Amino acid sequence: MNTSPLSATEVAGFQAHVYRYFSLHGRSLPWRFSSNPWHIFVSEIMLQQTQVSRVAEKYPPFIEAFPTPQALAQSPFPQVLALWNGLGYNRRARFLHSAAQQIHTLHHDSVPSTTSDLMALSGIGAATAAAIRAYAFNLPEIFIETNIRAVYIYHFFPQNDAVDDCQLLPYLRQTLDKTAPARWYNALMDYGVLLKRTLKNPAKRSKHHSIQSTFAGSDRELRGKVIRILLQKDKQPKDELIKAITDDPARGERIIQSLIKDKILSSEAEILFLSTG
DNA sequence: CTCCTGCTCA
DNA sequence: TGAGCGGGAG
């Protein structure tokens, strides 16, 4: 097991390389100006599988509306969804709403800092928990996401294909700037964005890379349409709503049921409305 | 066409 | 382990 693949000189050189780019071209993003763990928590949920440019637009009004876990926890879900709409993966709004209620009731409105407490919250997996610990609490965590993959695959596995995250971990552990984890990950991800923009996405050589199914004509396109309709209409008879999104009643029914299963929709006597939370 | 600071559930 | 989940910029 090669736990320390790099020399001290190589580590210092790599860190300097990443920080040099960061100091010249680092992005100034809304959530980076905050040290409020809740605000950083919200940004991490929004950023799951979602471009920074999109989150940068939606984040400020969302934080203004829900500045504390309590504010979000006590708001009706449709109001949350209204400010979330456009970010995509709307069930994350449900997860975030639930997480806020958990933080409010279980942790007295302060975002927990332990990995187990974070992962017990809705919508928080290993990667997001570690990212929150690094960004909100400046703890020396190790986590991998697509930009980080691009950096480490490009620098340390230039010839390899189907690189497993396990192979990257020793390099991440050794190169992590433990004196400033939050700043380090900011620098790392900004540098990764550069590599992906200029080098045809080195992260494609990750074992964990997968092609997404097309969005046009997909079920999740129709799910999004349902939500936008109900944000306008308040409530709708089920059969009318199904007809509004598709000519295939069975498919429409399946879409509705999946939204109910995700607790985004509720129904009473064939009337559909956004779940109230 | 691609993929985006992943997670949940089967 | 894999399928499913938004929506749009490039």
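Bear in mind the structure is a predicted one, so any value in this text is a computation, not a measurement. Proteins come first, then strands; the chains are lettered A, B, ... in the order of their sequence lines, and each starts at number 1.
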Is [X] touching bases, backbone alone, or none of the nucleic acid, heavy atoms closer than 4.0 Å?
| X | value |
| --- | --- |
| A:R94 | nothing |
| A:V52 | base |
| A:N85 | sugar-phosphate |
| A:W31 | base |
| A:A131 | nothing |
| A:R54 | base |
| A:T146 | sugar-phosphate |

Nearest-angstrom distance from the residue atom [atom1] of [X] to [atom2] of [N]:
| X | N | atom1 | atom2 | value |
| --- | --- | --- | --- | --- |
| A:E57 | B:dC4 | CD | P | 19 Å |
| A:I148 | B:dC3 | CD1 | C1' | 17 Å |
| A:M46 | B:dC7 | CE | P | 16 Å |
| A:R92 | B:dT5 | CZ | C1' | 11 Å |
| A:R149 | B:dC3 | CZ | P | 13 Å |
| A:R183 | B:dT5 | CZ | P | 22 Å |
| A:F143 | B:dC7 | CZ | P | 11 Å |
| A:Y89 | B:dC3 | OH | P | 13 Å |

Fill in: Nucleotide interval of DNA chain C bounded by contacts with chain A (heavy-atom cut-off, under 4.0 Å)
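From 5' to 3', the first and last contacting nucleotides are C:dG4 to C:dG8.
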Discussion item. Show every salt bridge (Lys or Arg N to Asp or Glu O under 4.0 Å) that has at least one partner inside residues 35-63 of chain A, sequence neighbours left out.
Written reply: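 Sorted result for residues 35-63 of chain A: empty, none.
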Worksheet item: Picking from A:H155, A:H25, A:K196, what satisfies side-chain hydrogen bond (donor to acceptor under 3.5 Å, both in side chains) with A:Y191?
Response: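 Exactly one option meets the side-chain hydrogen bond (donor to acceptor under 3.5 Å, both in side chains) with A:Y191, and it is A:H155.
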Practice prompt. Could you walk me through whether A:I103 and A:W38 pass the side chain to side chain contact (heavy atoms under 4.5 Å, CB included) test, one step at a time?
Written response: CA-CA 10 Å; A:I103 293 171; A:W38 167 245; 4.0 Å; yes
Worksheet item: Is there a donor-acceptor pair under 3.5 Å between the side chain of A:S267 and the backbone N or O of A:E270?
Response: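 Not at all, since once roles are kept as given, no pair shorter than 3.5 Å links the two residues.
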Fill in: A:R205 side chain to A:N160 backbone, donor-acceptor under 3.5 Å
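Yes, A:R205 side chain to A:N160 backbone: donor-acceptor pair under 3.5 Å.
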Worksheet item: Pairs in or reaching into residues 206-262 of chain A: which pass ring pair (Phe, Tyr, Trp, His ring centres under 6.0 Å), with residues at least two apart or in two chains?
Response: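 Sorted result for residues 206-262 of chain A: empty, none.
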Practice prompt. Apply ring pair (Phe, Tyr, Trp, His ring centres under 6.0 Å) to A:Y152 and list each qualifying residue two or more places apart in sequence or on a separate chain.
Written response: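 Applying ring pair (Phe, Tyr, Trp, His ring centres under 6.0 Å) to A:Y152 gives A:F14, A:F156.
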Practice prompt. Rounded to whole angstrom, note down the P distance from B:dC7 over to C:dG8.
Written response: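 My reading of the P atoms in B:dC7 and C:dG8 gives 24 Å.
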Worksheet item: If we take the C1' atom in both B:dC3 and C:dG6, what is their distance in whole Å?
Response: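 12 Å, rounded to whole Å.
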Item to complete: Using a cut-off of strictly less than 4.0 Å between a heavy atom of the residue and any atom of DNA chain B, enumerate the qualifying residues of residues 195-220 of chain A by number.
Response: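 Correct list: A:K196, A:N201, A:K204, A:H209, A:I211, A:Q212.
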Worksheet item: Taking for each residue the nucleotide of DNA chain C with the nearest heavy atom, is it A:S53 or A:L259 whose nucleotide lies nearer the 5' end?
Response: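 Upstream on the strand: A:L259.
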Item to complete: Please check the phosphate of B:dG6 (OP1 and OP2 only) for any side-chain N or O of A:Q49 closer than 4.0 Å.
Response: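 Yes, such a contact exists.
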Worksheet entry | Geometric cation-pi criterion, A:R183 with A:Y19: 6.0 Å, 45° |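 Yes; both conditions hold, so A:R183 lies above the ring face of A:Y19.
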Discussion item. Ignoring hydrogens and geometry beyond distance, is a side-chain donor-acceptor pair present between A:K263 and A:S98 at under 3.5 Å?
Written reply: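 No pair is found: no donor N or O on one side chain lies under 3.5 Å from an acceptor on the other.
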Practice prompt. Classify the side-chain pair A:R32/A:S43 by whether it contains a donor and acceptor separated by less than 3.5 Å.
Written response: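 No, no side-chain donor-acceptor contact under 3.5 Å.
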Item to complete: Run the salt-bridge test on A:R94 and A:D262 with the 4.0 Å N-O cut-off and return the result as yes or no.
Response: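 Looking at A:R94 and A:D262, the cut-off is not met.
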Output a table of nitrogen or oxygen pairs between the protein and nucleotides 8-10 of chain B separated by less than 3.5 Å.
{"from": "B:dT8", "atom 1": "OP1", "to": "A:G123", "atom 2": "N", "distance (Å)": "3.2"}

Fill in: Selected nucleotide, minimal atom distance to A:T128 side chain, candidates B:dT5, B:dC7, B:dC4
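That would be B:dC7.
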Practice prompt. Please confirm whether any donor atom in the side chain of A:Q51 sits under 3.5 Å from an acceptor in the base of B:dC4, or the reverse.
Written response: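 Answer yes: a donor N or O sits under 3.5 Å from an acceptor.
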Worksheet item: So A:S213 and A:R220, side chain to side chain contact (heavy atoms under 4.5 Å, CB included) or not? Walk me through it.
Response: CA-CA 10 Å; A:S213 57; A:R220 60 189 198 277; 3.3 Å; yes
Worksheet item: Looking at side-chain heavy atoms only, is the closest gap between A:I148 and A:L168 below 4.5 Å?
Response: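 No, their side chains stay 4.5 Å or more apart.
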